[in-house]
Protein chains: 2
Amino acid sequence: MSTGVNLKELAAELKLSPSTVSRALNDSYEISEETKKKVVSMAEKLNYQPNPFARSLRENKSKTIAVVMPERMSSFFSKVIDGIEEVTHQHGYHLLIYSTHEDVEREKKIVNLLMNGRADAIVMSVSSQTSDISHLARLHERGFPLIFFDRICDNIPTTKFITNDYESSFEGTRHLIQQGCRKIAFLMLSKELSITKERYRGYLDALKAAGLSPTPSLQVTCAHEEEKNIEAIRNLLLSEDRPDGLVSSVEKLALATYHAVKKTDIKIPEDLKIISFFSNLSIAGLLTPSLTTITQPAFNIGEECAKLLIKKLTKPRQPDLPNQTISIPSKITIRASTLVEY
Amino acid sequence: MSTGVNLKELAAELKLSPSTVSRALNDSYEISEETKKKVVSMAEKLNYQPNPFARSLRENKSKTIAVVMPERMSSFFSKVIDGIEEVTHQHGYHLLIYSTHEDVEREKKIVNLLMNGRADAIVMSVSSQTSDISHLARLHERGFPLIFFDRICDNIPTTKFITNDYESSFEGTRHLIQQGCRKIAFLMLSKELSITKERYRGYLDALKAAGLSPTPSLQVTCAHEEEKNIEAIRNLLLSEDRPDGLVSSVEKLALATYHAVKKTDIKIPEDLKIISFFSNLSIAGLLTPSLTTITQPAFNIGEECAKLLIKKLTKPRQPDLPNQTISIPSKITIRASTLVEY
DNA sequence: AGTTATTTCGCAATCGTTTCCGTATTTTAA
DNA sequence: TTAAAATACGGAAACGATTGCGAAATAACT
């Protein structure tokens with residue numbers, strides 16, 4: 001089905017051997033310029049396309065990179081992938097993309113499938129359920145190129161790209177305090193996640209630095225279902241110990257908060273000031289009131305992941321991906337949701 | 001690097017021939033139950049993973065489906081892909097995903113790359129620049145399984161999945177008219193696009209049915225850059241012949257409209273009522289005022305695309321994808337942006 | 001002129017599967 | 001009892017590319 005001419009047929013047409021044609025197409029020094037030209041023009045004429053599987057089989061590489069992430073409906077992850085694609089596309093690499101839907105079992109299944117070499121490398125952000133990382137450790141121990149972004153595994157000695165989670169969260173929380181907040185809530189996904197750990201730490205330290213003591217009831221761990229999250233946040237906002245400020249460690253919980261607020265008569269920013277890690281800038285400005293955001297350099301993170309991998313995969317004898325965590329800073333944009341004067 | 005045991009090594013370990021082992025693993029009738037068990041358990045013990053490229057080369061199929069779409073940062077396309085992945089994943093298929101960024105040249109490049117068989121089929125939604133469809137026609141003529149969704153090519157005789165663009169647009173426009181609008185604007189991307197043609201037709205017919213005559217200055221064709229779109233829409237809203245209602249044929253133009261409105265003192269819905277094709281329900285409810293939407297069955301469209309393809313690819317002798325256009329209806333949800341009483 | 005380099009190309013092995021044959025052994029049928 | 005058929009497995013070709021090695025033809029050198 002559909003497959004056009006192959007190397008042998010092309011060679012027959014040219015009255016040359018397949019090896020010569022292959023070398024000519026790969027611009028080998030062993031072939032005269034004259035025959036190279038003949039070969040190339042005939043290849044174009046017949047629209048010859050090398051079979052990628054034959055090549056992969058022989059060369060033991062696929063020119064494919066796999067991206068594994070927890071969800072697709074997220075401007076952060078979409079932008080990261082746009083960044084990855086931007087550089088991989090220039091180098092002729094293809095992208096296999098998998099969403100785990102925050103499900104470890106699915107993540108394990110995908111990772112194990114990927115161990116057979118279908119992709120040359122994996123770029124990944126772990127699911128919020130992931131605590132057992134044996135599937136990832138195994139992959140890495142086998143020498144499989146693996147790099148993390150955003151939601152990383154600290155224990156696996158490879159390169160990780162993150163934003164300055166701790167500092168951004170610290171600064172964001174400090175901003176709320178400066179705006180007069182004293183009872184600041186913190187919304188997070190699973191506590192297993194690297195990003196919640198760091199962002200939570202930044203939040204706590206900012207409270208401490210201001211002489212405020214953290215209130216356990218103001219720190220809520222959310223789940224995957226939006227409806228439940230909205231309800232949990234509403235309960236928080238209506239509780240006896242209601243917060244006057246709120247830090248959301250991920251985008252979707254900020255949206256859930258706006259939904260929750262809509263169901264009460266709480267006013268933002270008068271009664272409650274909100275700041276969130278957030279990547280969808282267009283929407284941040286459209287919320288009412290507009291949302292103060294900690295904007296992660298999503299596209300840039302994707303680009304850096306890809307650049308490093310491309311270097312590792314294309315240069316002849318590259319060392320392993322170094323065990324380092326590279327941080328690209330976020331940018332805080334203050335909007336109406338945290339302004340004293342609204 | 002990374003690759004474990006292969007079939008020959010596994011066979012040697014079992015003192016069997018590779019052919020026997022292959023057959024045993026593929027549950028061939030020619031192999032006794034006894035040896036099958038031995039083989040399977042040894043394969044598990046050694047964690048044998050068949051090389052996908054060897055298999056693809058031999059079988060001439062990749063267990064991979066390519067998805068080509070105009071942009072990634074869109075809840076519609078994200079949901080479609082989630083739908084596709086949901087069913088392909090169950091059948092052990094992998095997804096190569098490409099974004100054309102609304103660029104025909106890039107689309108052509110991708111499609112031509114895909115002709116070498118790297119994927120068993122292509123699911124695609126064309127770019128807004130795509131008027132010359134020769135690259136797609138060629139693909140299809142070669143017998144390559146190709147199906148369209150949303151932004152389709154009518155001239156290519158294969159299966160297309162869309163929503164009821166005409167009817168939804170008609171109903172949406174009629175809704176505006178019923179709410180008292182008399183000068184209704186229409187926002188669209190390129191007029192080449194199947195979806196704008198249909199939605200535009202629905203809009204025009206609804207006007208006609210109500211005895212209203214269309215005003216050319218109220219029909220604006222937008223581009224790719226958000227800033228420019230916002231400016232163009234602002235000019236529309238401030239023009240002499242300003243509209244009192246607006247139909248946006250795609251999600252991002254509705255967001256641009258909200259941005260544009262923010263820069264004026266126009267009030268929604270008092271001065272301007274808005275309805276839009278829109279997939280991000282969570283956001284629709286969060287806009288101020290909340291947005292009346294025509295919600296496309298994005299996830300469902302993805303599922304149906306994938307189901308059809310899987311059937312075509314996995315059953316032995318399937319006919320070609322029939323030349324038909326399957327429509328899955330959208331649902332209109334009325335929110336504050338079109339309500340008379342706000 | 002004779003020997004050595006250099007250029008240019010072909011042969012055949014290889015990557016890891018699957019599968020078409022062939023064959024030895026056992027079972028069934030006549 | 002013998003021929004036919006079923007069972008269970010191995011050998012080798014094939015998929016389509018790349019590449020080590022060898023070899024012919026030409027060029028360069030002594």
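These numbers come from the heavy atoms of this one structure, side chains and all, not from hydrogens, waters or symmetry mates. Numbered from 1 within each chain, the chains take letters A, B, ... in sequence-line order.
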Could you measure the distance from the CG atom of Asn60(B) to the OG atom of Ser56(B)? Nearest 0.5 Å is fine. 9.0 Å
Contact list for residues 94-117 of chain A, test ring pair (Phe, Tyr, Trp, His ring centres under 6.0 Å), sequence neighbours left out: His94(A)-Tyr98(B), Tyr98(A)-His94(B)
Starting at atom CZ of Arg55(A), determine the distance to atom P of dT19(D), rounded to an integer number of angstrom. 10 Å
Candidates dT18(D), dG16(D), dT17(C) - which lies nearest the side chain of Asn6(B): dT17(C)
Could you state the CG-C1' distance from Leu10(B) to dG16(C), rounded to the nearest angstrom? 12 Å
Which residues pass the side-chain hydrogen bond (donor to acceptor under 3.5 Å, both in side chains) test with Glu107(B), not counting sequence neighbours? Thr130(B), His135(B)
State which of dT18(D), dG16(D), dG16(C) makes the closest approach to the side chain of Ala54(A). dG16(D)
Do any pairs count as a salt bridge (charged side-chain N to carboxylate O under 4.0 Å, His left out) and have a residue in residues 86-103 of chain A, sequence neighbours left out, and if so which ones? Glu86(A)-Arg106(B), Glu102(A)-Arg151(A)
How many whole angstroms separate atom CG of Asn26(B) from atom P of dT17(C)? 11 Å
Residues pairing under salt bridge (charged side-chain N to carboxylate O under 4.0 Å, His left out) where one sits in residues 89-99 of chain B, two or more places apart or in two chains, turn out to be none
Return the set of residues passing side-chain hydrogen bond (donor to acceptor under 3.5 Å, both in side chains) with Ser62(A) (not counting sequence neighbours), or none when no residue passes. Asp120(A)
Whole angstrom is fine here: how far is it from CG in Leu57(A) over to C1' in dT17(C)? 8 Å
Only pairs at least two apart or in different chains count here, so list each salt bridge (charged side-chain N to carboxylate O under 4.0 Å, His left out) that has a residue in residues 8-20 of chain A. none
For residues 131-141 of chain B, the salt bridge (charged side-chain N to carboxylate O under 4.0 Å, His left out) pairs (sequence neighbours left out) are Lys108(B)-Asp132(B)
Ignoring backbone atoms, establish whether Asn51(B) has a side-chain N or O less than 4.0 Å from OP1 or OP2 of dC15(C). no
Rounded distance (Å) that lies between atom C1' of dT17(C) and atom NZ of Lys8(B): 11 Å
Between dG16(C) (P) and Glu59(B) (CD): distance, integer Å: 17 Å
A side-chain contact here means heavy atoms from C-beta on lying under 4.5 Å apart; do Cys305(B) and Phe148(B) qualify? no
What does nucleotides 5-10 of chain C look like as a protein-contact string, B for base, S for sugar-phosphate only, - for none, at under 4.0 angstrom between heavy atoms? ---BBB
So if I take residues 42-50 of chain B and measure heavy-atom distances to DNA chain C, which residues fall below 4.0 Å? Tyr48(B), Gln49(B), Pro50(B)
For the pair made of CZ in Phe53(A) and P in dT14(C), what is the distance, rounded to whole Å? 24 Å
